[in-house]
Structure formats: C-alpha cells, structure tokens
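Worksheet for the structure shown next.
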Amino acid sequence: MTRTLITQGLNPPQKKAVTYEKGPLLVLAGAGSGKTKVLTRRAAYLIIDKNVPPDRIIAMTFTNKAAAEMKDRIYKLADSKASGIWMGTFHSLCARILRKNASELGYTSTYTICDDKDRKNIIQGILKGLSYKNQIESKDIIRKISRYKSYLIPWNEIEIKDDFSEIIVKVYEIYQKTLKNNNAMDFDDLLFNTVSLFEEHQEIRDKYAEKFLHILVDEFQDTNYAQYKILNHIAKKHRNIMVVGDDDQSIYGFRGAEIGNIMNFENDFDGTKVIVLEQNYRSTGNILSAALSVVKNNKRRKEKRLKTKKSAGEKLTFFWGYDPRNEAEKVIKKIFEEKKRGKKNKDFVILYRINAQSRAIEEMLRRYNLPYKIVGGIRFYERKEIKDIFAYIKSAINPEDRISHERILNIISGVGKKTFEKIDEFGKKNGMSFGKAVMNVKKVENLTPSQQRKIYELSKIIKAIQKNTDNVYNALNVVIEKTGYIERLSQIGDKLSKEKIENIKELVASVENFVMQNKDKSCENYIREVSLYSDVDGWILNDEISLMTIHNAKGLEFPIVFLIGLNEHLFPHYLSIEEDNVEEERRLFYVALTRAKEKVYLSATCGRESLTGFLKRKPSPFLKEIPKKYITGFEEEKEEKEEKEEKQINKEGFNSGDYVNHSVFGKGKIISVEGKGIKQKAKVNFSGEVKTIRTSFLKKQQKND
DNA sequence: TAGCTTGTACTTTTT
DNA sequence: GTACAAGCTA
C-alpha cells in the first residue's frame with residue numbers, strides 16, 4: 001500500500017495521530033471513534049512511509065483477539081513488510097521477554113504458566129497445610145496477592161498490621177516459593193518479573209529500550225501499575241510512545257487498572273501531545289446521546305464532545321420480565337420480531353453483568369432452537385480433559401513442574417497422593433527434579449509392583465513426547481495414542497464423555513492449524529501461546545447469537561444489543577457499591593450501550609423466586625439517568641402493574657386433560673401437572689411426543705381452536 | 001485409593 | 001438447580 005492510501009479516509013485528527021512525528025502522544029478516543037483504525041494505520045505508516053524496521057515497533061493490546069485483529073489489519077495494509085512486528089497482549093509480550101531472559105531470574109525458558117485453577121489449587125493446598133482453611137477463603141487471598149503483585153509489592157515488603165495480613169504474607173511467601181520450585185509463574189508474575197528483570201539488570205532494560213523505536217498501546221485506560229512501569233522502562237530511550245484510550249471505558253479497576261494512568265500521562269511524559277477523537281462512526285444518535293447522558297454523571301472523567309453523523313434512529317426500548325426466565329422469553333420474542341425484519345442471528349448480542357445470568361437465556365435459546373455462542377465463561381483451555389492432555393506435554397518440557405506431573409499421575413488408576421509424595425521424597429533425597437524421579441521410578445521404595453509398572457509406562461510416554469517437542473502436533477498425537485485417553489472416555493460412553501472427546505478433537509484441529517501457521521512449531525511455543533488465551537480469542541462468528549458479559553464485549557460492536565438484568569443489586573453490583581465503585585459500574589453501563597450500532601433493548605425483572613418466596617427487585621438506578629426522550633417503555637410506576645399481569649398468567653389453572661398451545665411445539669394435551677406457581681411443570685403430549693414443560697410457557701386453548 | 005453419596009453454599013467483572 | 005467438597009465404604 002502506498003502513502004496516500006494509508007491516510008485515505010481519515011478525518012483530520014485521525015490523520016494527525018497516524019502521522020505524528022516524535023515524542024509521547026496521548027489519543028483520547030471516544031467509543032466507536034476509530035481507535036483500532038488509527039493504531040493499525042500508524043503501524044503501517046511507520047513501516048512503509050518511515051522505513052522503521054517492523055521488529056523495532058512494539059504494539060500492546062489487552063486481549064489476544066484485539067492483537068489478532070490488529071495483526072490482520074496491519075498485514076492487509078503493509079503486507080509481508082510488517083512481519084517481525086512485536087504485537088500481542090502485555091502478558092504475551094512479557095512472556096516472550098522472560099523466556100529469553102529466564103535464567104537471570106532463576107527460571108528456565110521452559111517455565112510453566114499457571115492458570116486460575118492451578119493457582120486456586122496451590123493456594124488451597126497451602127491453606128490446608130497451615131490449617132488456616134476455616135479462617136479464610138482462598139478467593140480473598142488470591143485477590144489480595146494479585147493486587148499486591150500488580151502494585152509490584154513482594155511478600156517481604158508488606159507491613160503486618162493484624163492477624164489477617166499476617167496470614168496473607170505467610171501464604172504469599174509460600175505461594176511464591178512453590179511457583180519457583182515448579183519453575184512456574186502466574187499471570188501477575190509475567191508482569192512483575194518483567195519489571196524485576198528490567199530493574200535488576202539495567203543492561204537488559206537498556207537493550208529493549210534501545211530496540212523499540214516506537215511503542216503503541218491500546219486500551220491504555222486499563223493498564224495497571226506494573227504495566228505502566230513496563231512502558232516507562234521501554235520508552236526511556238526514544239520516548240516515542242503512543243497510547244490510545246478512553247477514560248470513560250475504564251472497567252478493570254478490580255484488576256488494578258489505574259484510571260490515573262490516563263489522567264496523569266501528560267504529567268509523567270513531558271511534552272505530550274494530546275489528540276482527541278470525537279467523531280463516532282458506530283452508533284445512532286439516540287444510542288450515543290443516551291450513553292453519554294449516563295456517563296456524564298461520573299465526577300472523575302475528562303469532558304468530551306462525542307458526536308455521530310448517523311441519524312437519531314430508534315429509541316432505546318425497555319421491557320419488564322416477571323423473573324429471569326420470563327425476561328429471557330421476552331428477549332427471544334424480540335429476536336424473532338427483528339428476524340422477521342431481516343436481521344440474522346449474528347447481528348444480536350445479549351449482554352449481562354455476571355456470568356451466572358447466562359443460564360436462563362441459554363435454556364430458553366435452546367428451547368427455541370436458536371443457535372448461540374457463549375463467549376467467556378468456562379474457557380476451553382481450562383476444561384479438565386484439555387488440561388489433562390496439556391499436563392503430559394507440560395511435564396515433558398518442564399521436569400520441575402510438579403503440578404502437571406501430579407495431574408498425570410492421578411490419571412493412573414491405583415496411583416494417588418501417597419504415591420506422588422513418595423516419588424517427590426525420593427527426588428528430593430537424590431537431588432533430582434520431579435520429572436527425573438519419575439524416570440527413575442524403579443528405584444523408588446515402598447511402591448507396589450503394579451504402581452511401579454504403570455508409572456514406568458508413563459515415563460516411557462513422557463520420553464516419547466520429549467522426542468517430539470519440536471512439533472506440537474506430533475507430540476499431541478503421541479499423547480493421544482500412547483495414553484489411550486480417548487479410548488477410556490469412549491468406554492464410559494455417556495453424554496459428558498462424548499462431549500469431552502469432541503473437545504479433544506477440536507484441540508487436535510487447532511493444534512494442526514497452529515503447526516501450519518507458525519514457524520516455531522515447538523511444544524514450548526504452543527503452550528506459551530495458549531496459556532494466555534481466553535475464550536474470546538478463538539471466537540469465530542458463525543450465524544449465531546452471542547452471549548457474553550459486558551467486560552468481554554469491550555472493543556466489539558453489534559447491530560442489536562440486549563442488556564438484561566438491569567436491577568438493583570445486580571447492576572450496579574452490590575459488592576461494587578460496598579467498595580464505593582459505582583462510577584466504574586456506570587462506565588460499564590456506558591460500554592454496554594455503545595456496543596450497539598442500530599438498536600438497544602434494555603430489560604429488568606420484577607424479581608425472582610427464592611426459598612423465602614418471591615424476592616422483589618427494583619430497577620437499576622442507571623435507567624433513571626437516561627433522559628425520557630431517548631428511551632421508550634420505562635416508567636417506574638408501571639412496574640407494579642406488569643408484575644400483577646405476570647402473576648395472573650401464572651395463576652391460570654392447568655389440569656390434566658386440558659388442551660394447550662406452545663409457541664414452538666404447537667398444540668398438545670396435558671397428561672399430568674406437578675408443582676405450583678412459576679415452578680409448575682406439566683407433562684404434555686404434543687402429537688405423540690411427550691415433553692415436560694413449565695406451565696408458564698403454555699397457553700390454554702379454547703375447545704374449538 | 002477411588003468412587004459414590006450426601007450436604008452446603010453459592011452469585012463480580014479477567015489477562 | 002448446580003457445583004464442589006467432604007465423608008464414607010468397598
């Protein structure tokens with residue numbers, strides 16, 4: 001692509017940002033203002049127009065998906081000239097730097113990256129060992145430790161004030177030592193250790209600072225202290241750092257994101273040029289105005305004048321659901337209406353505050369046979385069967401990794417914790433890594449002959465994997481063939497096992513793809529990449545309705561957005577109120593609305609059934625912040641009336657023998673009825689096919705219908 | 001040591 | 001209504 005094309009179609013401030021010459025640059029980019037476009041065009045501009053070698057440019061994003069999209073777009077602009085550019089998430093780029101310099105910190109380059117589940121297991125083990133288990137929850141400890149790490153505070157620098165902080169420091173210390181013993185790091189360590197590396201070895205820091213002529217940072221409002229520090233280090237020499245962000249979209253405060261980083265950038269980097277992008281290209285007028293009216297209520301923000309050239313469009317539409325199921329059913333009704341007007345499944349996204357809210361929607365989508373995809377939630381790579389398979393490969397490449405070894409030992413029937421400890425003890429006595437101890441299992445005392453035989457078989461499998469570590473596809477096939485993992489699953493033969501086999505097949509396909517697309521096909525490279533993958537990343541859009549949390553939706557756009565569960569307690573979440581974080585929740589609401597291009601549907605429930613009866617819930621206070629001229633269907637007084645109507649429907653008596661109608665299955669005859677109220681279920685015969693269905697989904701039929 | 005059963009607590013957001 | 005953990009038994 002030529003110079004003129006690189007700046008073609010850009011508005012003046014965008015063009016200014018893309019072609020900015022030298023020094024620190026802060027781009028305040030409102031929602032939908034072409035943030036990614038500016039970043040990718042600038043990268044292409046530097047490479048093609050300014051002849052900057054691509055490996056001297058580093059571009060940091062927050063999600064792998066954003067990185068993949070940027071990569072894709074830059075290659076479209078600059079072709080193979082862009083190859084070699086450092087592009088990825090903060091975590092993946094740090095992992096890369098650490099892999100090269102691991103020995104300086106006492107790790108090897110094959111170190112393992114622990115995911116959340118590993119972390120939880122380790123912490124729980126430590127709590128058990130210290131008999132703190134009943135005093136404190138692992139969840140709280142994990143949060144605290146993670147917080148300390150994101151502020152770069154090691155365990156031995158924490159001031160002990162009370163019993164609680166004493167426990168935390170103790171657990172933190174043991175946790176770090178355990179990780180080190182396993183040649184392992186968690187997500188926070190990737191950032192923490194990169195800073196340690198730079199600060200303890202200035203010559204290494206200087207090397208990277210010299211190397212990176214240009215630094216480009218996306219979603220700057222979500223950087224935490226550690227990330228900010230990393231940027232400071234690598235920007236030290238050339239100071240060509242461009243950060244793009246929107247303080248109104250800062251929604252990761254709980255993870256240590258510092259909105260102050262964007263507020264103070266100008267102070268920290270002398271001579272910063274500020275460019276503001278205020279032209280929104282995504283949403284219609286009503287959507288943008290509604291979103292801005294809400295976020296305007298935040299005190300801590302930079303004033304902006306975001307505008308759109310699109311027409312006002314339809315108003316936001318609000319509706320009540322009696323309870324989450326009824327709300328879900330109404331969402332689906334709206335989807336069918338929109339589909340009649342020509343919309344496709346992939347045009348819809350259903351957003352919610354917390355993952356648990358997906359259940360009611362999911363159930364209903366399945367009932368109506370609508371294809372959907374949940375983005376986030378249980379991540380593919382955190383599934384048991386996938387972690388098991390990976391544990392074999394991880395054990396082969398990192399002999400210090402006890403966690404993975406313990407996992408694969410446990411798969412063997414007749415081998416458990418006791419056996420693991422015996423091998424561990426043997427290894428420690430003889431100065432061997434755990435992996436080496438496994439290789440010498442025949443010398444371990446007090447094992448039954450069958451245990452010895454089985455573990456010896458395992459050691460042969462590990463050796464076979466080690467012969468194939470340069471190609472992860474071959475290594476994976478060794479694992480599957482030699483362990484008989486799939487055979488064992490198919491012998492169980494239930495629905496769950498079949499699903500697991502499908503997941504493994506999906507894994508094989510994705511590994512095959514990885515091997516085809518990457519020069520470095522090694523197990524190390526593959527594991528390092530996917531350890532940092534979240535579910536959003538592998539996300540391919542078929543014609544499916546998307547379901548995700550608002551957090552996961554950041555950076556995405558859809559023609560039609562449903563935002564459900566707009567109730568007190570849930571949104572803003574009650575815990576965030578306790579933590580005095582309502583402004584962040586309001587920004588989250590802003591992010592949700594600004595995902596929409598054409599239409600926003602908002603909904604709340606009157607409450608939900610609970611053990612103590614019907615629990616009434618008020619609407620979210622954010623709804624009241626939307627001026628009436630932008631929204632239709634929301635009147636607080638109406639709440640009561642709607643609720644009564646819903647109750648009436650549910651009171652309709654259903655008896656066996658009644659003829660009923662169902663919106664999907666059609667006409668049927670009730671065989672039997674069970675339960676009362678909203679939970680009432682009926683067995684219904686739909687022309688031969690008998691189904692059990694909640695009576696709230698049925699309509700009574702007049703005799704001659 | 002493994003698998004089954006019972007019980008209980010749950011429910012923020014994620015790289 | 002689920003997911004996980006602890007406890008019991010074979």
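Letters A, B, ... are given to chains in the order of the sequence lines, protein chains preceding strands, and every chain is numbered from 1.
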Quiz item: Should stems be defined as at least three consecutive Watson-Crick or G-U pairs with both distances under 3.5 angstrom, which of them involve DNA chain B?
Solution: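 Stems for DNA chain B, defined as runs of 3 or more consecutive pairs: B:1-9 with C:2-10.
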Quiz item: Hey, what do you get for CG (A:Leu409) to CZ (A:Arg407), rounding to the nearest 0.5 Å?
Solution: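 Between A:Leu409 CG and A:Arg407 CZ, I get 12.5 Å after rounding to 0.5 Å.
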Interatomic distance where [atom1] belongs to [X] and [atom2] belongs to [N] [whole Å]:
| X | N | atom1 | atom2 | result |
| --- | --- | --- | --- | --- |
| A:Asn552 | B:dT13 | CG | C1' | 9 Å |
| A:Leu127 | C:dA5 | CG | P | 13 Å |
| A:Gln357 | B:dC10 | CD | P | 18 Å |
| A:Glu529 | B:dT15 | CD | P | 15 Å |
| A:Leu588 | B:dT12 | CG | P | 15 Å |
| A:Ile142 | B:dT13 | CD1 | P | 14 Å |
| A:Glu258 | B:dT15 | CD | P | 20 Å |
| A:Met548 | B:dT15 | CE | P | 12 Å |

Quiz prompt | ring-ring contact (aromatic ring centres under 6.0 Å, His included) between A:Phe420 and A:His405, worked out | solution = CA-CA 9 Å; A:Phe420 170 78; A:His405 276 98; 8.8 Å; no
Compare the minimum distances between each of [options] and the side chain of [X], then state the nucleotide with the smallest one.
| X | options | value |
| --- | --- | --- |
| A:Gln124 | C:dA5, B:dT15, B:dT13 | C:dA5 |
| A:Asp116 | B:dT15, B:dT1, B:dT14 | B:dT15 |
| A:Arg359 | B:dT14, C:dA5, C:dT2 | C:dT2 |
| A:His91 | B:dT15, B:dT14, B:dT12 | B:dT15 |
| A:Tyr252 | B:dT14, C:dA5, B:dT12 | B:dT14 |
| A:Lys139 | B:dT11, B:dT13, C:dA5 | B:dT11 |
| A:Glu585 | C:dA5, B:dT12, B:dT1 | B:dT12 |

Self-check item: Check: A:His573 side chain, B:dT12 base, donor-acceptor under 3.5 Å
Solution: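 Counting by modelled atom types and ignoring angles, no donor-acceptor contact under 3.5 Å is found here.
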Practice problem: Taking A:Ser146 for its side chain and A:Arg143 for its backbone only, find out whether a donor-acceptor pair lies under 3.5 Å. | Solution: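 The answer is no, because no donor-acceptor pair under 3.5 Å joins these two groups.
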Quiz item: OP1 or OP2 of B:dT14 sitting under 4.0 Å from any side-chain N/O of A:Thr549?
Solution: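 Yes, within the criterion.
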Quiz item: Looking at A:Asn355, does any N or O in its side chain come under 4.0 Å of the phosphate oxygens OP1/OP2 on B:dT14?
Solution: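 It does, given that an N or O in the side chain of A:Asn355 lies less than 4.0 Å from OP1 or OP2 of B:dT14.
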Quiz prompt | A:Glu524/A:Thr110 under side-chain hydrogen bond (donor to acceptor under 3.5 Å, both in side chains): CA gap, chis, key distance, verdict | solution = CA-CA 6 Å; A:Glu524 290 91 337; A:Thr110 55; over 6 Å; no
Quiz item: Do the side chains of A:Tyr590 and A:Asp246 get nearer than 4.5 Å, heavy atoms only?
Solution: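 A:Asp246 vs A:Tyr590: side chains touch.
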Practice problem: Could you check if a side-chain atom of A:Lys229 sits within less than 4.5 angstrom of a side-chain atom of A:Tyr151, using non-hydrogen atoms only? | Solution: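 No, their side chains stay 4.5 Å or more apart.
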Practice problem: For the pair A:Tyr228 and A:Phe220, name the ring-plane relationship: parallel under 30°, tilted 30 to 60°, perpendicular over 60°. | Solution: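 Aromatic pair A:Tyr228/A:Phe220 classed tilted.
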Mind checking [X] for me? I need base, sugar-phosphate or nothing, with any heavy atom below 4.0 Å counting as a touch.
| X | result |
| --- | --- |
| A:Leu575 | base |
| A:Lys554 | nothing |
| A:Ile412 | sugar-phosphate |
| A:Arg143 | base |
| A:Phe187 | base |

Quiz prompt | A:Thr419 or A:Ser576, whichever maps to the more 5' nucleotide of DNA chain B | solution =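 It is A:Thr419 whose nearest nucleotide is closer to the 5' end.
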Quiz item: Mapping A:Phe420 and A:His551 to their closest nucleotides on DNA chain B, which lands nearer the 5' end?
Solution: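 With A:Phe420 and A:His551 compared, the 5'-side residue is A:Phe420.
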Self-check item: Counterpart residues, ring-ring contact (aromatic ring centres under 6.0 Å, His included), relative to A:Phe571 (two or more places apart)
Solution: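 By the ring-ring contact (aromatic ring centres under 6.0 Å, His included) rule, A:Phe571 matches A:Phe589, A:Phe622.
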Quiz item: Partners of A:Tyr352 by ring-ring contact (aromatic ring centres under 6.0 Å, His included), sequence neighbours excluded?
Solution: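 A:Tyr352 satisfies ring-ring contact (aromatic ring centres under 6.0 Å, His included) with no residue once adjacent residues are dropped.
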Quiz item: Which value, in whole Å, describes the distance between the P atoms of nucleotides C:dC4 and B:dT13?
Solution: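 Each nucleotide's P atom is 14 Å from the other's.
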Self-check item: Whole-angstrom distance between B:dT11 and C:dA6, as gauged at atom P
Solution: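 My reading of the P atoms in B:dT11 and C:dA6 gives 15 Å.
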